[in-house]
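As structure tokens, the structure follows; a few thoughts come after it.
Order of appearance sets the numbers: ligands from 1, and atoms from 1 within every ligand. Only heavy atoms go into these numbers, but all of them, side chains included; no hydrogens, no water, no symmetry mates.
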Amino acid sequence: MNILDIIEKKRDKKELTKEEIEFFINEYVENKIPDYQMSALIMAIYINGMTNEETTNLTLAMAHSGEILDLSNLNSIIVDKHSTGGVGDKVSLILLPLVASVGVPVAKMSGRGLGFTGGTVDKLESIPGYKTSIDMEDFIQNVKNIGISMISQTLNLAPADKKIYALRDSISCVESIPLIASSIMSKKIASGAQKIVLDVTVGSGAFMKNMESGEKLSRKMIDIGNLANRQTVCILTNMEEPLGLAIGNSLEVIEAIKFLKGEMLEDVKQVVLELGSHMMKLAGLGENLENNKIVLLQNINNGKAYQKFEQLVNKQGGDISYLENTDKFEKASIIEPVYSNKDGYITKIDAKEIGKVACRLGAGRIRKEDEIDKSVGIVLNKKVGDIVKKGDIISFIHANDYKKMIIAKEEIENIFEISKYKTDSIPTILKVIESYGKGKKIIEKNI
Ligand code: URA
């Protein structure tokens with residue numbers, strides 16, 4: 001077998017066998033295939049796509065390219081959660097302590113942000129002292145003792161995905177359904193998940209720009225889940241405008257802490273409750289989704305979800321005085337309001353564009369090796385559908401560089417679209433797609 005024949009086959013729209021897929025994954029991880037040949041193959045996959053069978057074989061080959069975490073000694077059903085990425089997405093920080101507080105064990109490995117989308121690990125590291133790299137034994141022990149641990153992906157988890165993702169990013173091949181589906185599902189399988197809830201974001205700030213591609217990606221991941229024996233539920237959520245108000249690392253952590261203390265923003269609340277109710281169902285803690293949402297809300301209102309987050313932060317070395325008093329988080333040196341330049345209704349706040357502005361302020365990485373500035377970002381003061389008057393504050397810029405702040409201010413003024421006609425805001429939860437196992441029908445429910 002050789003890589004040239006495999007490239008040629010995919011270039012000519014032919015289906016690759018399991019052996020061919022395993023060959024190029026293993027050889028690439030061992031540096032026996034150079035980046036230029038892998039780039040040609042990835043581009044051929046991007047253009048010609050993959051069948052379900054090929055995508056599943058790619059997923060399994062990538063999952064088995066490193067260690068597979070064995071969580072069986074936890075003696076519980078491990079339900080994992082993953083988002084396909086977004087702007088202002090602080091859902092994991094809220095949802096995971098919340099579901100842990102009702103008894104869903106959480107053993108979560110997350111990634112860092114790249115480009116305009118943020119990453120949970122960077123956000124957790126905004127809490128002084130919080131360690132995202134701990135021993136595997138401590139990770140498992142924390143799940144046993146307090147029901148939750150949240151860390152960064154270990155180096156040897158799906159190493160093929162790590163290499164291929166970086167390559168895709170450098171050759172403009174990220175937005176491909178088989179490549180995204182296999183990238184996400186390989187990491188979930190390698191990290192020991194038995195059941196999986198996926199937040200499939202749809203809109204300008206997501207990889208999937210419209211419902212059609214969001215549905216296609218969801219069906220693909222459910223098919224892989226079925227073939228790999230991992231029950232998978234996809235919740236399609238709106239990422240046309242940023243989620244919640246804060247975009248930026250410590251700013252999002254502060255919003256998450258406030259949520260857990262009961263200050264719930266409506267769009268964040270809807271995503272958290274929808275995903276949480278499905279996680280409870282998959283963990284065997286309640287068949288009725290509406291009842292599950294009531295149980296989750298109770299644990300916000302009685303403080304148990306917040307206490308669980310405090311326990312998690314404490315256990316991983318974080319300073320919980322920052323949770324008790326969020327004013328302690330280091331602030332950016334400049335906090336500048338942005339004003340509306342006319343009267344009307346907000347009709348659009350393009351999530352991707354806002355994410356890019358936050359990234360340029362220093363909240364995100366343009367290249368993998370970039371340092372991020374935890375304190376900078378944007379806090380929206382208005383959302384789509386809100387009425388504004390000329391001179392009203394539409395957002396605040398948190399910056400540590402005067403020139404960058406001035407540029408951001410001009411950009412944000414243009415990103416907020418204001419019209420004299422009110423437009424209906426887009427619902428937050430767009431659709432749920434699930435299946436009850438191999439050979440079972442996929443069920444699609446519009447919300
Ligand atoms: N998230 C991932 O983990 N992989 C992708 O390819 C895209 C989003």
Side-chain angles (χ1 to χ4, degrees), residues 25 28 38-39 41-43 45-47 49-50 54-56 58-63 65-66 69 80-89 91-92 108-123 150-193 196-210 213-222 224-225 228 230 232 234-237 239 243 275 351-352 355 359 364-365 368:
I25 288 297
Y28 186 54
M38 196 61 178
S39 300
L41 179 58
I42 292 291
M43 185 59 88
I45 293 173
Y46 182 94
I47 293 168
M50 277 186 141
E54 284 178 299
T55 313
T56 305
L58 178 62
T59 307
L60 294 176
M62 291 206 294
S65 64
L69 200 60
D80 206 351
K81 172 263 171 189
H82 192 92
S83 159
T84 55
V87 177
D89 182 354
V91 171
S92 288
K108 172 75 174 153
M109 288 190 184
S110 301
R112 295 187 184 278
L114 187 62
F116 64 88
T117 63
T120 301
V121 169
D122 297 320
K123 292 170 199 176
M150 293 174 73
I151 61 168
S152 57
Q153 272 152 32
T154 60
L155 277 182
N156 202 24
L157 189 100
D161 172 62
K162 217 163 272 152
K163 252 189 116 175
I164 293 174
Y165 192 85
L167 188 71
R168 284 164 58 204
D169 198 45
S170 68
I171 59 169
S172 248
C173 280
V174 172
E175 282 110 336
S176 144
I177 288 177
L179 294 176
I180 295 178
S182 55
S183 162
I184 290 175
M185 295 301 280
S186 66
K187 283 180 292 224
K188 296 296 99 183
I189 292 168
S191 61
I196 302 160
V197 173
L198 297 169
D199 181 358
V200 180
T201 48
V202 178
S204 109
F207 290 124
M208 299 295 110
K209 303 292 180 207
N210 54 47
S213 57
E215 288 169 7
K216 261 195 201 158
L217 175 65
S218 301
R219 291 185 202 113
K220 197 78 154 178
M221 293 193 289
I222 287 170
I224 298 172
R230 308 292 199 284
T232 304
C234 291
I235 323 268
L236 284 80
T237 63
M239 192 43 76
L243 189 69
L275 292 167
K352 182 173 182 177
C359 187
R365 294 181 183 80
K368 239 183 18 224

### Summary
So the atoms of ligand 1 within less than 4.0 Å of a heavy atom of H82 turn out to be 3 (O)
### Task
Could you tell me whether some N/O pair between K187 and ligand 1 is separated by less than 3.5 angstrom?
yes
### Summary
Among L179, T201, L217, I184, closest by heavy atom to atom 1 (N) of ligand 1 is I184
### Query
Would you call M62 and S182 a side-chain contact if the rule is heavy atoms closer than 4.5 Å?
yes
### Query
Is there side-chain contact between D122 and T120, with heavy atoms separated by less than 4.5 Å?
no
### Backbone of K352 reached by a side-chain donor or acceptor of S204 within 3.5 Å
yes
### Message
Closer than 4.0 Å to some heavy atom of F207 - which atoms of ligand 1 meet that?
### Response
7 (C), 8 (C)
### Message
Between D199 and K81, is the salt bridge (charged side-chain N to carboxylate O under 4.0 Å, His left out) condition met? List the steps.
### Response
CA-CA 8 Å; D199 181 358; K81 172 263 171 189; 5.1 Å; no
### Query
So, R230 side chain and A228 main chain: donor-acceptor pair closer than 3.5 Å or not?
yes
### Query
For ligand 1, which atoms, with element, lie under 4.0 Å from some heavy atom of S183?
2 (C), 3 (O), 4 (N), 5 (C), 6 (O)
### Atom indices of ligand 1 within 4.0 angstrom of Y165 heavy atoms, with elements
4 (N), 5 (C), 6 (O), 7 (C)
